[in-house]
K.L.:
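Pasting a structure below so you can have a look.
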Amino acid sequence: MEKNGFPVAFIDSEPIQKLFRFPETKLHRQPFIKYKGLEESLYIYIEREREREREREQIRGDQCPGHKDRERERDRERQRERAEMESSEGKCKILIFGGSGYLGKYMVKASIFLGHPTYVYSRPPTAKTSPSKIDLLHEFQAMGVSIIHGELEEHEKLVRLIKQVDVVISVLAYPQVFEQLKIIDAIKVADNVKRFLPSDFGCEEDRVNPLPPFQQFLEKKRKIRRATEEAGIPYTFVSANCFASYFVNYLLNPHEIRDNINVYGSGKANEDIAMYTIKVANDPRTSNRIVTYRPPKNIISQLELISLWEKKIGRNFNRVHISEQEIIKLSETLPYPQNVQISILHAIFVKGDLMNFEVGEDILEASKLYPDLKYTSIDQLLDIFLVNPPKPVVAAF
């Protein structure tokens, strides 16, 4: 058997969480002021260098025939480049559905950080609305996010809102997966959206063949993809693979001290998500394409992950192996949604479905598209877990 077997690609949302951990004061905009100041300083520096270069060229070639014509053409080219850059970066209006959810809150903050006018469509608050959600919406407003309250059944309201934006991103939880058909209908009527990103953000559902419970789960998401394609809406389908903060937390349970640790199958099958997603939403290269997230430093097997964690904490675990046969049987006997959860573990950690297809012309890889965007490695994430282990989180089904 190969040493590394089937690896898993993890991507982390933790750096977004750290980046937007604002103090509870009125100075919420301070990080953006600093960011914009750095951007403006860089722009001023570049423009000064260009001016010096123009002066040197004028001294060298002022007497040459056609020199001024060439200089004017270069100026026009610079203006075109800057106009294209401004139109493709930080200017589109982004509407996010599910912005107060597990991944959605990072998506909203990444959108604001990258300079996009950002809108969040949220259900009207009621007596049952959690205080944490209300606080989060207030935090969004302090950051400059426009909050629009409404239901997905309000078709005319959705159409009016969508006509005001350029990009629509859905981060709705799985129980609301078919609710996205209402969003698609409104986008069709509005007929102005430059990009729609449905709520995928998991495995590449068109290229896996998992156990029946997970297959039924994915079939609903596939129907949203097909409805998007049939509607003729410009789209990007995002395959985020494993959320490191979620799955590493699930596998290692860093919040508790214990002697045993579960290994699914042989253990050899191997979330900067928000920032990557906002970038692909406004990138012409990703229009009507699938984008997957496979950061090279985060491709790791279960056993490698466990060994790395053992080195970090200075103690060893007793590895309890759960065989593939046991996992298949559990998928057939457990009630919903546990049967889906165990089927997901089978697909990821036993079959290695996240890595069983090549990234090429049909599928783009995010870290290669944006090599300058620094993601959190698994090693760095475990260092964070040492200091501040996350609370257990269970996905909605």
Side-chain angles (χ1 to χ4, degrees), residues 92-104 107-108 111 116-124 145-208 215-240 273-274 276-292 362-364 395-397:
C92 71
K93 296 178 181 178
I94 296 181
L95 170 61
I96 298 174
F97 291 88
S100 60
Y102 175 76
L103 177 58
M107 207 72 72
V108 173
S111 179
H116 297 279
T118 304
Y119 302 75
V120 169
Y121 194 77
S122 178
R123 285 175 175 167
V145 177
S146 298
I147 307 294
I148 296 89
H149 292 293
E151 302 287 352
L152 292 174
E153 291 75 17
E154 298 180 75
H155 178 73
E156 291 78 11
K157 187 173 188 176
L158 283 180
V159 171
R160 288 195 302 272
L161 175 59
I162 289 171
K163 283 184 176 180
Q164 301 176 44
V165 303
D166 305 300
V167 172
V168 177
I169 299 175
S170 172
V171 206
L172 294 175
Y174 179 75
Q176 294 178 278
V177 63
F178 282 147
E179 296 290 286
Q180 294 178 105
L181 293 173
K182 298 170 184 175
I183 299 173
I184 292 171
D185 287 341
I187 292 174
K188 286 167 61 179
V189 175
D191 194 28
N192 68 297
V193 168
K194 298 176 182 177
R195 196 75 58 86
F196 173 52
L197 282 70
S199 187
D200 281 354
F201 307 109
C203 70
E204 179 34 50
E205 57 231 40
D206 286 333
R207 286 169 171 78
V208 299
Q215 185 74 273
Q216 295 168 12
F217 175 96
L218 292 179
E219 189 56 35
K220 293 182 179 180
K221 291 196 167 190
R222 294 184 187 118
K223 288 180 179 179
I224 298 300
R225 283 192 173 190
R226 303 294 85 82
T228 301
E229 292 167 340
E230 290 168 9
I233 300 168
Y235 65 83
T236 300
F237 298 146
V238 174
S239 171
I273 293 174
Y276 278 131
T277 300
I278 298 299
K279 281 186 169 291
V280 303
N282 198 34
D283 189 335
R285 296 173 296 175
T286 63
S287 181
N288 296 338
R289 305 291 294 275
I290 297 170
V291 177
T292 190
D362 295 336
I363 303 180
L364 304 175
F397 289 93

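Since this is a predicted model, take the numbers as computed values, not measurements. Count residues from 1 along the sequence.
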K.L.:
Look up atom OG in S122 and atom CD1 in I147, then write down how far apart they are to the nearest 0.5 Å.
P.N.:
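Reported to 0.5 Å precision, the distance equals 7.0 Å.
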K.L.:
Is it true that a side-chain atom of T292 and a backbone atom of S239 form a donor plus acceptor pair closer than 3.5 Å?
P.N.:
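Between the backbone of S239 and the side chain of T292 there is a qualifying donor-acceptor contact (under 3.5 Å).
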K.L.:
Mind checking whether Y174 and S199 have side chains closer than 4.5 Å, heavy atoms only?
P.N.:
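Contact flag for Y174/S199 side chains = no.
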K.L.:
Go through the structure and list residues passing side-chain contact (heavy atoms from CB on, under 4.5 Å) with E230, not counting sequence neighbours.
P.N.:
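E230: side-chain contact (heavy atoms from CB on, under 4.5 Å) contacts with R226.
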K.L.:
Counting C-beta onward and ignoring hydrogens, is there a side-chain heavy-atom pair between F196 and P234 closer than 4.5 Å?
P.N.:
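No, every pair of side-chain atoms sits at 4.5 Å or beyond.
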K.L.:
Does the pair E156 and V189 meet the rule for a side chain to side chain contact (heavy atoms under 4.5 Å, CB included), with working shown?
P.N.:
CA-CA 9 Å; E156 291 78 11; V189 175; over 6 Å; no
K.L.:
Could you tell me if the side chain of L158 sits less than 4.5 Å from the side chain of D185, heavy atoms only?
P.N.:
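Side chain of D185 against side chain of L158, heavy atoms only: no contact under 4.5 Å found.
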K.L.:
Atom CZ of F97 and atom CD of Q176: how far apart are they, to the nearest 0.5 Å?
P.N.:
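Result: 11.0 Å between the selected atoms.
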K.L.:
Can L197 and V280 be said to form a side chain to side chain contact (heavy atoms under 4.5 Å, CB included), step by step?
P.N.:
CA-CA 9 Å; L197 282 70; V280 303; 4.1 Å; yes
K.L.:
Would the distance check show the side chain of H116 and the main-chain N or O of S111 forming a donor-acceptor pair, the cut-off being under 3.5 Å?
P.N.:
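Judged by distance alone, no pair lies under 3.5 Å.
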K.L.:
Quick check for you: to the nearest 0.5 Å, what is the distance between T286 atom OG1 and I290 atom CD1?
P.N.:
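Answer rounded to 0.5 Å: 12.0 Å.
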K.L.:
Passes side chain to side chain contact (heavy atoms under 4.5 Å, CB included), I94 versus V165? Steps please.
P.N.:
CA-CA 6 Å; I94 296 181; V165 303; over 6 Å; no
K.L.:
Run the side-chain contact (heavy atoms from CB on, under 4.5 Å) test against N192 and tell me which residues pass, sequence neighbours left out.
P.N.:
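Counting only residues at least two positions away or on another chain, N192 forms a side-chain contact (heavy atoms from CB on, under 4.5 Å) with I162, K163, A190.
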K.L.:
Would you say the side chain of P198 lies within less than 4.5 Å of the side chain of L172, judging by non-hydrogen atoms?
P.N.:
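Side chain of L172 against side chain of P198, heavy atoms only: no contact under 4.5 Å found.
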K.L.:
How far does CD1 of I169 sit from CG of L103, to the nearest 0.5 angstrom?
P.N.:
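That separation rounds to 9.5 Å.
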K.L.:
State, yes or no, whether a side-chain contact exists between I224 and F178 at a heavy-atom distance under 4.5 Å.
P.N.:
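They are in side-chain contact.
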K.L.:
Would you give the length of the straight line joining atom NZ of K157 to atom NE2 of H149, rounded to the nearest 0.5 angstrom?
P.N.:
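Answer rounded to 0.5 Å: 8.5 Å.
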K.L.:
Please report whether the ring centroid of Y119 lies less than 6.0 Å from that of Y121.
P.N.:
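No; Y119 has its ring centre 6.0 Å or more from that of Y121.
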K.L.:
With heavy-atom distances below 4.5 Å as the criterion, would you say the side chains of K93 and V167 are in contact?
P.N.:
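Side chain of K93 against side chain of V167, heavy atoms only: no contact under 4.5 Å found.
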K.L.:
Within the structure provided, determine whether K221 and F201 are in side-chain contact (heavy-atom separation under 4.5 Å).
P.N.:
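Not touching, per the 4.5 Å side-chain cut-off.
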K.L.:
Can you confirm whether more than 12 heavy atoms, excluding those of R222, are under 6.0 Å from its CZ atom?
P.N.:
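It does: R222 CZ has more than 12 such atoms within range.
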K.L.:
Going from CG on D283 to CZ on R289, what distance comes out if it is rounded to the nearest 0.5 angstrom?
P.N.:
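Here the rounded value is 10.5 Å.
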K.L.:
Quick test of your reading: applying salt bridge (Lys or Arg N to Asp or Glu O under 4.0 Å), list the pairs with at least one residue in residues 186-200, sequence neighbours left out, ordered by first then second residue.
P.N.:
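The answer is D166-K194, D200-R225.
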K.L.:
Which atom names give the shortest non-hydrogen contact between L181 and A227, and what distance separates them?
P.N.:
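What the structure gives for the nearest pair is CD2-CB, 3.8 Å.
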K.L.:
Do K182 and H155 come within less than 4.5 Å of each other through their side chains, counting heavy atoms only?
P.N.:
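No, side chains not in contact.
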